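Report on the following structure.
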Amino acid sequence: MKILSQWIREYVPSIAADDRQLADDLTLRGIAVDGVFDLGADADGKSNGSLFEMDITTNRVDAMNHYGIAREAATIYNVPLLPLDAALPEFAKSSKPCPVRIEAPELCGRFTARVLRGVHVGASSGVVAERFRLLEQKQIFNTVDATNFVWMAMGHPTHAFDLDKLEGGIVVRRARKGEKIKLLDGTERTLEPDDLVVADEVKAVGLAGIMGGWDTMITPATRNVLVEAAWFDPATIRRSSRRHGLHTDASHRFERGADFNAAPVANALVCKLILESGGSVEGELVDVVIPEAAARTADRTAISLAVSEVARHLGATEDGKGIPAATVVQYLTALGCDLKASGEQAYAVKLPSWRLDIEREIDLIEEVARVHGYNKFANTLPAFAGTVVDLPQEQKEATLRRTLLALGLSEAVSSTFCSAAEADVFAPQPGSSVAMGNPLNEEAGMLRPSLLPGMLTMMAHNLHRDVQDVRLFEMGTVFSGSTERVDENPALSLGATGAAEGTSLYPEKDALFFEMKGAIEELCGKFSRRSLYFDTFAADSGLLPAWLQPGRCARAVMDGATVAWFGQVSSAQAQQRKLKQAVYVGEVYLHRLYKQALRQPISRELSRFPAVERDFSFIFPNAISWQQVAAALDNLALAEMVSREPREIFPGAAGKPVPEGHSSLLLRAVFQSQERTLREEEMQAMSARVMEALRDLGGQLRA
Amino acid sequence: MANETIPRLESYDDVALTKAFGELKLQFNQEAMLSGSPEGRESLRVDWLGRKQGRLTQISSIWLKTAPDSAKRSLGQRFNEFKAYIEQSIAQELSVESAGSGRPLDAIDISLPGTRSRIGIEHPLIKTMNEIVAVFKSMGYSVGVGPEVETDYYNFESLNFPPNHPARDTQDTLVVAGQERKALRDRLLMRTHTSPVQIRTMEQQAPPVRIVIPGKVHRNDAADATHSPIFHQVEGLCVDTNITFSDLKGTLDHAMKAFFGSSVKTRFFPSFFPFTEPSADVQISCIFCGGKGCRKCKHSGWIELLGCGMVDPAVFGAVQQKQPGYDPKKISGFAFGMGVERIAMMKYGVSDIGQFYSGDMRFLEQFA
Ligand SMILES: [Zn+2]
């Protein structure tokens, strides 16, 4: 919205501040001036003042016009605001006023009409023409310009009809079902009884509060006019405006609540401007008022305000004086309130008809703070009461995040949504995904049941940009349930692709699997637990998630609950997403992990006696897994065996010392006692038991 | 040569200073050229840089101490430049010497790049969010969280949004499918702000309350360089007896100084939110130019950062149905909220908001 500083100054002539200062002062009071543009001078060298580009919040429709802003300026500087001059020239009282009937009093609260005869329709001149030029507002002709000028002056919509095209008096009524009207924009609308129309005795002549009708519009041939200024029910205008997709200045104001008392003034101002080019007034103003509507707006009951409440909500001012009662009265009176003392430091406040946004005591307190200036309040800190409460998951989440970062994975954030096809593939429980009612796009039709669609999208994003080494994780919410009830759970996804080195235990092509397994072991290791094991299933078991490649994936089970699935992305997914290299992903079900407490480290005494290493080299059939070997050793229950680790594994081949279908395993066990140095005989006995257990498992000692 | 006298400074203007330091430099270069042996180079070092009797120490004590205050700045600057020149020249002389004396066979080429294990990179949004949360935790705030899928009641109704508020329209809010048959207050939607957690917390906990709420929120916005349908907020709430608007001002002023540095200033403007009254927008003095005006603050010297206000009594009214302790006649409170993306974009100079959600390693590696 554009505002002229000279127009504001017309209403508040005693402002001492210059235009920039005025703009700043208004902005600090919530009447935001976004830009100030100097308009230069007119032909006589007189300054045109400035153009203010305004940005006013929607609750302050009353300040979206020159007079409304002038009132704010008068309040800020505590200077007088001149009343609007709505006096009309003398006219014959005897003439007959135009009949007006409100048939829908719940939708139209007030209607004013005045007839002007013998007007001259032509171009505007004088102040109207000058200000339109400065505002870059298009001139039409004087009658229409007059209604626009009054709109910009005081923010009340008005309308002028060609009187001679009206058939009988004005009727404000609900539209008849199917009734048609051609509007000023040239469109024909079909109406419903929920629409309000301004009509004559025969036809609708305007869609009330939104737009006038085509048939009765002013043309250069018009001689006699009827000027309308009214007050319409906000909800009715909002519904009508939406239904017809018609958003006009008038509907904008009426649907947010116009000033009930403005109608007669606006009507007079329009008439006055039209009469400047000729014509005369016929009869008194017709002003039909519905008392119930007046009671809801202009005649609201006074609300009470206690000065102590002002201090309780606003606190200390910078000058240490607080806001005294006299200042409260000054601010609110300038804004148009009428204050009557009602006891000690308390007032009954009658509210201005243009401030429908003020309804409660707190609204008045806000006005006091606003006019005083927010930055004139002190900066104080409240005394601390209460205790700090840790969320149960806060520490756990922080521990996981810290561990993941230390493991070399970077954090990512992906979309909360996925496609229906993705939900089918990735949902941990089939058929439990939740659809969106107004998805952002086709690919975002579902609330994500898993973080993996997002993770795969990000992995593909990198690979498609020739970024080959990627390690990512995401911690976020996954959704399940139904549109009746949505359950939210925390989850963690992992993604890895690119360079990873093989070791003496596994080749390079399997390295990412073990990197991911190591990460999951590390994460699970942060929690207290009785057991953690990894297993997997055959492709045809129906137990493998569809997104994983059979034989190259595993699940982690902690204390009997599946806490993660991870491994190489299935070839179907890889193909579909055009992944040029092997990608490994995993999902950790944090709601299950979070059931466990964080592990509390407990220190135990370190042995003072030497540790002895023994290496064992055996050939095993490939069917024997490391887990079986480890279990066989653990079953020996040798208290002194403090560790047993695979050191080297290499596969056999036909014609080689290690035959095809077998692998050689180099195993290192470490023995140590808490009480004594282990003797050689003890070591030999324990080694013999280890070898026996390995032989029992089908192992063959290497020469 | 240690007894070489220090020339007198005739004047302190630019010409005189250039001449004086030029002569000193010439003198040093001549001596350096003549100091062929290791011993010679060591004596050159002691002669010029020696702590007690070195010539630089003497120049500093004679010239700088006798200079008038008006000349001290320019003289000091020239002196420091000259000192750096001497130090660097002598260091070069000495390193030429050690390189020349031969490398042991197992010597390491120390100029090769170092190896390091890769450390994961904190996401700039999560990092920013955690930093903001940490500031408020240090002020006695506990962390609060809540669901991302909310009911209309918690997201709008309890926060004093009127039934026809535009935010309630599906043009602005992402909604879960199949809600049409439900009563308005029970309809499920993606929370459009973290404010519902205020209500949920107050329903669970009688006053006093101090919480800081980080979280992901959604709006039905078209994505462009500065808008994303997914974004993050940090919200705060403080409720007790006698909490005032000046407490709100002081708290945010303190928090902004803790987060951006103690020289940052705040200023407050009237604004409008359904769930606070009075409501304010807060600007901080530009962290790039200190308030003088630059491109980043559009030459205003100020950057708009957060919204806040005193909790509207109507919000306490909604909470009171479950927690009678929230009597707006007895207690008061303030709430504030800020967009994490906006702050991270400003702080790190990110120009496209979409990069935050891309998982692009090249983007993330900039924050290592
Ligand atoms: Zn700046």
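Sequence lines set the chain letters: A, B, ... in the order given, protein chains first and strands last, and positions in each chain run from 1. Please read all numbers here as calculations on a predicted model, not as lab measurements.
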Report task. Select, from A:M459, A:Q393, A:E309, A:E484, the one with the greatest count of heavy-atom pairs under 4.5 Å involving chain B. Result -> A:E484
Report task. Using heavy atoms and a sub-4.5 Å threshold, report which of residues 490-500 of chain A line up against chain B, by residue number. Result -> none
Requested in this report: Pick one of side chain, backbone, both or neither for B:A314, based on which atoms fall under 4.5 Å of a heavy atom in chain A.
Outcome: both
**Report entry** Which of B:M190, B:Q171, B:Q205 touches chain A most, by non-hydrogen pairs under 4.5 Å
**Finding:** B:M190
Query - Portion of A:T416 that has a non-hydrogen atom of chain B nearer than 4.5 angstrom - result: both
Query raised in the report: Is the shortest distance from a Lys or Arg side-chain nitrogen in A:E411 or A:R471 to a carboxylate oxygen in the other one below 4.0 Å?
Result: no
Query raised in the report: Does a side chain donor of either A:E488 or A:T477 reach within less than 3.5 Å of an acceptor in the other side chain?
Result: no
Query raised in the report: So, are A:R485 and A:D487 salt-bridged, with charged N and O less than 4.0 Å apart?
Result: yes
Query raised in the report: chain B heavy atoms under 4.5 Å from A:T457: which part of the residue, side chain, backbone, both or neither?
Result: neither
Query raised in the report: Looking at A:R20 and A:D24, does any basic side-chain N land under 4.0 Å from a carboxylate oxygen?
Result: no
Query raised in the report: Any idea how B:F336 and B:F334 line up, ring-wise: parallel (<30°), tilted (30 to 60°), or perpendicular (>60°)?
Result: tilted
**Report entry** Which atoms of B:P124 approach chain A - backbone, side chain, both or neither, heavy atom under 4.5 Å
**Finding:** neither
Requested in this report: For the pair A:E366 and A:R370, find out whether any cationic side-chain nitrogen is under 4.0 Å from an anionic carboxylate oxygen.
Outcome: no
Query raised in the report: Side chains of B:T170 and B:N220: do they bring a donor and an acceptor to under 3.5 Å?
Result: no
Query - A:H313 and B:S332 side chains, donor-acceptor separation under 3.5 Å - result: no
Query raised in the report: Is it the side chain or the backbone of A:N462 that comes within 4.5 Å of chain B heavy atoms, both, or neither?
Result: side chain
Query - Heavy-atom contact with chain B under 4.5 Å, split by part of A:A32 - result: neither
**Report entry** Option in A:V486, A:V413, A:L447 with maximal non-hydrogen atom pairs under 4.5 Å from chain B
**Finding:** A:V413
Query raised in the report: If you tally heavy-atom pairs under 4.5 Å against chain B, which of A:S414, A:G476, A:G408, A:A444 wins?
Result: A:G408
Query raised in the report: What part of B:K216 is in contact with chain A, defined as an atom under 4.5 angstrom from a non-hydrogen atom: side chain, backbone, both or neither?
Result: side chain
Query raised in the report: Which one, B:E122, B:E148, B:E180, B:R267, leads in non-hydrogen pairs under 4.5 Å with chain A?
Result: B:E148
Query raised in the report: Contact part of A:A369 toward chain B, heavy-atom cut-off under 4.5 Å: side chain, backbone, both or neither?
Result: side chain
Query raised in the report: Where on B:D360 is there a heavy atom nearer than 4.5 Å to chain A: the side chain, the backbone, both, or neither?
Result: both
Query - Interchain contact, A:I31 with chain B, by part (heavy-atom threshold 4.5 Å) - result: neither
Report task. Sort out for me which of B:L174, B:D253, B:T251, B:L125 touches chain A most, counting heavy-atom pairs under 4.5 Å. Result -> B:L174
Report task. Below 4.5 Å from any heavy atom of chain B, which atoms of A:E367 appear? Answer side chain, backbone, both or neither. Result -> neither
Query raised in the report: At a heavy-atom separation under 4.5 Å, does B:T173 approach chain A through its side chain, its backbone, both, or neither?
Result: backbone
Query raised in the report: Using non-hydrogen atoms only, which part of B:M361 is less than 4.5 Å away from chain A: side chain, backbone, both, or neither?
Result: both
Query raised in the report: Does the side chain of B:Q233 come under 3.5 Å of the side chain of B:T194 through a donor N or O and an acceptor N or O?
Result: yes
Query raised in the report: What part of B:D221 lies closer than 4.5 angstrom to a heavy atom of chain A: side chain, backbone, both or neither?
Result: backbone
**Report entry** Polar side-chain atom of B:T151 near backbone of B:Y154 as donor-acceptor pair, under 3.5 Å
**Finding:** yes
Report summary line: Sequence neighbours excluded, the answer for ring-ring contact (aromatic ring centres under 6.0 Å, His included) partners of A:F479 is none
Report summary line: Applying a strict 4.5 Å limit to non-hydrogen atoms, the region of A:V389 in contact with chain B is both
Query - Under 4.5 Å from any heavy atom of chain B - which part of A:D363 - result: both
Query - Contact class of B:I243 relative to chain A, heavy atoms under 4.5 angstrom - result: both
**Report entry** Residues A:E474 and A:R448 bridged, charged N to O under 4.0 Å
**Finding:** yes
Requested in this report: Would you check, one step at a time, whether the test side-chain contact (heavy atoms from CB on, under 4.5 Å) holds for A:M446 with A:F417?
Outcome: CA-CA 5 Å; A:M446 308 295 281; A:F417 309 101; over 6 Å; no
Query raised in the report: By a 4.5 Å heavy-atom criterion (distance strictly below it), what part of A:L28 contacts chain B: side chain, backbone, both, or neither?
Result: both
Report summary line: Okay, A:V470 and chain B: the region with an atom under 4.5 Å from a heavy atom over there is both
Report summary line: Cut-off 4.5 Å, heavy atoms of chain A, and the answer for B:D281 is neither
Query raised in the report: Quick one: do B:R168 and B:D152 make a salt bridge, cutoff under 4.0 Å?
Result: yes
Report summary line: Note: vs chain B, highest number of non-hydrogen pairs under 4.5 angstrom among A:G315, A:S410, A:A378, A:G30 is A:S410
Query raised in the report: Of the backbone (N, CA, C, O) and the side chain (C-beta and beyond), which part of B:F356 lies under 4.5 Å from a heavy atom of chain A, both, or neither?
Result: backbone
Query raised in the report: Any Lys/Arg nitrogen of B:R118 or B:E365 sitting under 4.0 Å from an Asp/Glu carboxylate oxygen of the other?
Result: no
Query - Ion pair check, A:E72 and A:R60, cut-off under 4.0 Å - result: yes
Query - Residue B:I126 versus chain A: region with a heavy atom under 4.5 Å - result: side chain
**Report entry** Pair A:F377 + A:H372: ring centers closer than 6.0 Å
**Finding:** yes
Report summary line: Counting heavy-atom pairs under 4.5 Å with chain B, the top scorer among A:L314, A:T57, A:T58, A:V467 is A:L314
Query raised in the report: Given that the side chain runs from C-beta out, which part of B:Y141 has a heavy atom under 4.5 Å from chain A: side chain, backbone, both or neither?
Result: backbone
Report task. Go through the atoms of B:P208 and report whether side chain, backbone, both or neither lie under 4.5 Å from a heavy atom of chain A. Result -> side chain
Query raised in the report: Does B:D312 come within less than 4.0 Å of A:R360, counting only side-chain N to carboxylate O?
Result: yes
Report summary line: The interface call for A:R312 against chain B, heavy-atom contacts under 4.5 Å, is both
Query raised in the report: Does a donor on one side chain sit under 3.5 Å from an acceptor on the other, for A:T380 and B:S246?
Result: yes
Query raised in the report: Given that the side chain runs from C-beta out, which part of A:T317 has a heavy atom under 4.5 Å from chain B: side chain, backbone, both or neither?
Result: neither
Query raised in the report: With distance as the sole criterion, is a donor-acceptor pair present between the side chains of B:Q179 and B:K182 under 3.5 Å?
Result: yes
Query raised in the report: With the threshold set at 4.0 Å, does a side-chain nitrogen-carboxylate oxygen contact exist between A:R242 and B:D169?
Result: yes
Query - From CA spacing to verdict: ring pair (Phe, Tyr, Trp, His ring centres under 6.0 Å), B:F231, B:H218 - result: CA-CA 6 Å; B:F231 57 103; B:H218 296 82; 8.1 Å; no
**Report entry** Contact summary for B:Y357 and A:M458, nearest pair of heavy atoms
**Finding:** O-SD, 4.3 Å
**Report entry** chain B contact via A:A383 - which portion, at a heavy-atom distance below 4.5 Å
**Finding:** backbone
Report summary line: The interface call for B:K330 against chain A, heavy-atom contacts under 4.5 Å, is backbone
